[in-house]
Amino acid sequence: MYKYFPHTQEDIDVMLRKVGVDSLDDLYAEVPESVRFKGEYDIPTSKSELEIRQTFDRLCNNNRLMTVFAGAGVYDHYTPAVVPNIIGRSEFLTSYTPYQAEISQGTLHYIFEWQSMMAELTGLDISNASMYDGCTATAEAMLMANANAKKTNRVLVSEAVDPRILDVMRTYARFHGVEIVTIATRDGLTDKDDLDRLLAEGPVAGVVAQQPNYFGNIEDFTGYADAIHAQKGLFIVNSPALYLSVLKTPGEWGADIAVGDAQTLGIPMSYGGPYVGYMCCTEKLMRKMPGRIVGMTQDNRGQRVFVLTLQAREQHIRRQKATSNICSNQSLMALWATIYLSVMGKEGVKEAAMQSYAGAHYLAQQLIATGHFTMTYKGEFFNEFCVNYDGDVDDLLCHLANHGILGGVKMGDHTLMMAVTEKRSKEEIDQLVQLTRKEETV
């Protein structure tokens with residue numbers, strides 16, 4: 001009758017004895033009394049299915065749907081309706097890491113397609129079967145560089161890299177003996193002179209930069225790869241996946257490893273934490289790449305089949321020798337991104353990126369025209385930018401929120417970072433600009 005049978009008191013007593021406590025309350029002994037809930041839970045009595053649906057509908061109606069002009073690594077891109085429709089099929093919704101690879105042909109097939117698409121987007125030879133998220137993918141790339149180096153454990157990271165990515169890298173570095181040294185920025189861009197100075201101090205395992213960088217600015221990586229390779233290091237570039245459809249690819253910049261998050265490939269913002277990371281590299285590094293690689297071959301009947309290939313047994317058995325501690329990838333979200341790319345096609349993906357670019361530049365121009373904003377940085381940006389505001393940013397963001405607009409990310413008392421995607425219409429941008437006029441924010 002019931003899908004779930006509660007534990008009996010006897011079951012509970014056995015488990016408590018196993019963990020060495022006398023009661024369920026003892027399990028929470030470390031929780032201070034001051035933060036414990038003492039009241040009665042507001043749980044309604046039994047309801048019919050219709051009543052339950054109505055209850056949740058009322059709760060959902062309490063949510064405020066905002067027009068999003070915030071980014072900082074997560075962007076409000078459009079999701080074609082066919083993507084969640086296909087992903088909701090039971091055989092896809094249960095998609096997971098293929099432990100029994102040979103009988104998981106469907107899963108292996110779409111991972112192979114994911115790899116092919118990501119390799120094309122990044123301009124590199126090899127892609128793995130997705131990663132946990134963009135932050136950990138970057139940290140894993142750092143470990144790849146460290147493992148590839150022979151005489152140094154020093155990794156240089158631009159201060160224009162997203163601080164959250166750098167935090168994750170530092171966590172990984174602490175327990176893997178990697179020394180992280182930051183490269184200074186100048187006018188919102190990686191300071192090439194400071195990079196050259198740090199490279200002149202001796203060999204490096206790798207250099208990590210971001211494109212577009214955390215501030216939304218487009219970096220010029222001319223000469224980076226040659227200078228880094230001269231010191232036996234690897235060049236690692238982090239990028240949101242969608243924007244690689246129109247920007248110069250990491251491969252074209254001479255990068256050895258490309259990493260980032262694929263959230264921009266139609267994955268809703270609300271799916272966050274984590275989304276899905278990608279990692280691509282040159283062919284000579286593929287045996288140092290963590291995770292899985294799916295290959296295509298033929299069976300004994302000459303039919304096309306897919307297999308896991310170049311997967312080190314250390315990943316599962318001799319873990320202390322493993323290239324990575326990542327086992328499960330974000331398979332379902334990799335499938336989501338693969339369907340998105342398939343549906344949008346090359347031109348559709350480029351169009352989404354270019355509309356985002358155009359919308360951001362229109363917004364920047366209109367904000368400056370109000371006389372209350374100036375550009376924080378002088379360089380070229382993509383779909384995100386920083387502006388200085390002559391008022392209080394907190395007040396402005398609160399004012400915009402009261403009108404249903406998530407106005408951006410606060411970078412300082414008078415500095416705001418704003419992003420635009422293809423979902424933002426001219427009317428929405430004009431409404432935001434009108435609301436920022438000083439006489440309306442008083």
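Given the structure is predicted, the values throughout are model-derived calculations rather than measurements.
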Legend entry - Minimum-distance pair of heavy atoms, taken over all atoms of Ala353 and Val246: CB-CG2, 3.9 Å
Legend entry - Least distance between heavy atoms, Lys288 atom then Ala147 atom: CE-O, 4.1 Å
Legend entry - Whether Gln211 side chain and Pro250 backbone form a donor-acceptor pair below 3.5 Å: no
Legend entry - Atom of Ala227, atom of Asp196 and distance for their closest heavy-atom approach: CB-OD1, 4.4 Å
Legend entry - Residue pair Val420 / Ser356: nearest heavy atoms and the distance that separates them: O-CB, 3.5 Å
Legend entry - Donor-acceptor contact below 3.5 Å, side chain Asn213 vs main chain Ala160: no
Inset, instruction - Would you confirm whether Gln105, through its side chain, and Phe306, through its main-chain N or O, come within 3.5 Å as a donor-acceptor pair? - result: yes
Legend entry - Tyr362 and Asp430: CA distance, side-chain angles, deciding distance, side chain to side chain donor-acceptor pair (under 3.5 Å) verdict: CA-CA 10 Å; Tyr362 174 72; Asp430 290 341; 2.7 Å; yes
Legend entry - Test item: Asn128 side-chain N/O and Pro290 main-chain N/O as donor-acceptor pair under 3.5 Å: yes
Inset, instruction - Find out whether Leu124 and Thr282 are in side-chain contact, i.e. whether some heavy atom of one side chain is under 4.5 Å from a heavy atom of the other. - result: yes
Legend entry - For Asp133 against Pro274, the heavy-atom pair lying closest together: CB-CB, 3.6 Å
Inset, instruction - Report yes if some heavy atom in the side chain of Gln263 is under 4.5 Å from a heavy atom in the side chain of Tyr271; otherwise report no. - result: no
Inset, instruction - Please indicate whether Arg89 has more than 12 foreign heavy atoms, meaning atoms of other residues, nucleotides or ligands, lying under 6.0 Å from its CZ. - result: no
Inset, instruction - Determine whether the aromatic ring centres of Tyr41 and Phe37 lie less than 6.0 Å apart. - result: yes
Legend entry - Expected output: side-chain Trp336 to main-chain Val83 donor-acceptor under 3.5 Å: no
Legend entry - Flag side-chain contact, heavy atom, 4.5 Å: Met144 against Asp256: no
Legend entry - Check: Gly177 main-chain N/O paired with Asn153 side-chain donor or acceptor under 3.5 Å: yes
Legend entry - More than 12 heavy atoms from other groups under 6.0 Å of CZ on Arg197: yes
Legend entry - Asp167 backbone acceptor or donor facing Thr171 side chain under 3.5 Å: yes
Legend entry - Test: Arg424 and Glu428 ion pair at under 4.0 Å: yes
Inset, instruction - Quick one: do Thr415 and Asn388 satisfy side chain to side chain donor-acceptor pair (under 3.5 Å)? Show the steps, please. - result: CA-CA 4 Å; Thr415 305; Asn388 298 324; 3.2 Å; yes
Inset, instruction - Answer yes or no: does atom CD of Gln303 have more than 12 heavy-atom neighbours from other residues, nucleotides or ligands under 6.0 Å? - result: yes
Legend entry - Taking every non-hydrogen atom, the tightest pair across Ala137 and Val259: O-CG1, 3.5 Å
Inset, instruction - Ignoring hydrogens and angles, tell me if any N or O in the side chain of His229 forms a donor-acceptor pair with the backbone of Leu234 under 3.5 Å. - result: no
Inset, instruction - Side-chain contact test, heavy atoms from C-beta onward, threshold under 4.5 Å: evaluate it for Met333 versus Tyr275 and give yes or no. - result: no
Legend entry - Residue pair Tyr224 / Val237, side-chain heavy-atom distance below 4.5 Å: no
Inset, instruction - State yes or no: are the ring centers of His77 and Tyr243 separated by less than 6.0 Å? - result: yes
Inset, instruction - For Glu120, look at atom CD and say whether over 12 heavy atoms of other residues, nucleotides or ligands are found less than 6.0 Å away. - result: no
Inset, instruction - Using a cut-off of 6.0 Å, state whether more than 12 heavy atoms not belonging to Arg36 lie near its atom CZ. - result: yes
Inset, instruction - Please say whether more than 12 non-hydrogen atoms of neighbouring residues, nucleotides or ligands are located less than 6.0 Å from NZ in Lys232. - result: no
Inset, instruction - Would you check if Gln210 and Val161 make a side-chain contact, meaning some heavy-atom pair closer than 4.5 Å? - result: yes
Legend entry - Leu166 side chain reached by Thr182 side chain, heavy atoms, under 4.5 Å: yes
Legend entry - Test applied, side-chain contact (heavy atoms from CB on, under 4.5 Å); reference residue, Ser127; option that passes from Trp114, Tyr278, Phe112: Trp114
Inset, instruction - Please indicate whether Asp42 has more than 12 foreign heavy atoms, meaning atoms of other residues, nucleotides or ligands, lying under 6.0 Å from its CG. - result: no
Inset, instruction - Check whether any side-chain heavy atom of Arg174 sits under 4.5 Å from a side-chain heavy atom of Arg170, and report yes or no. - result: no
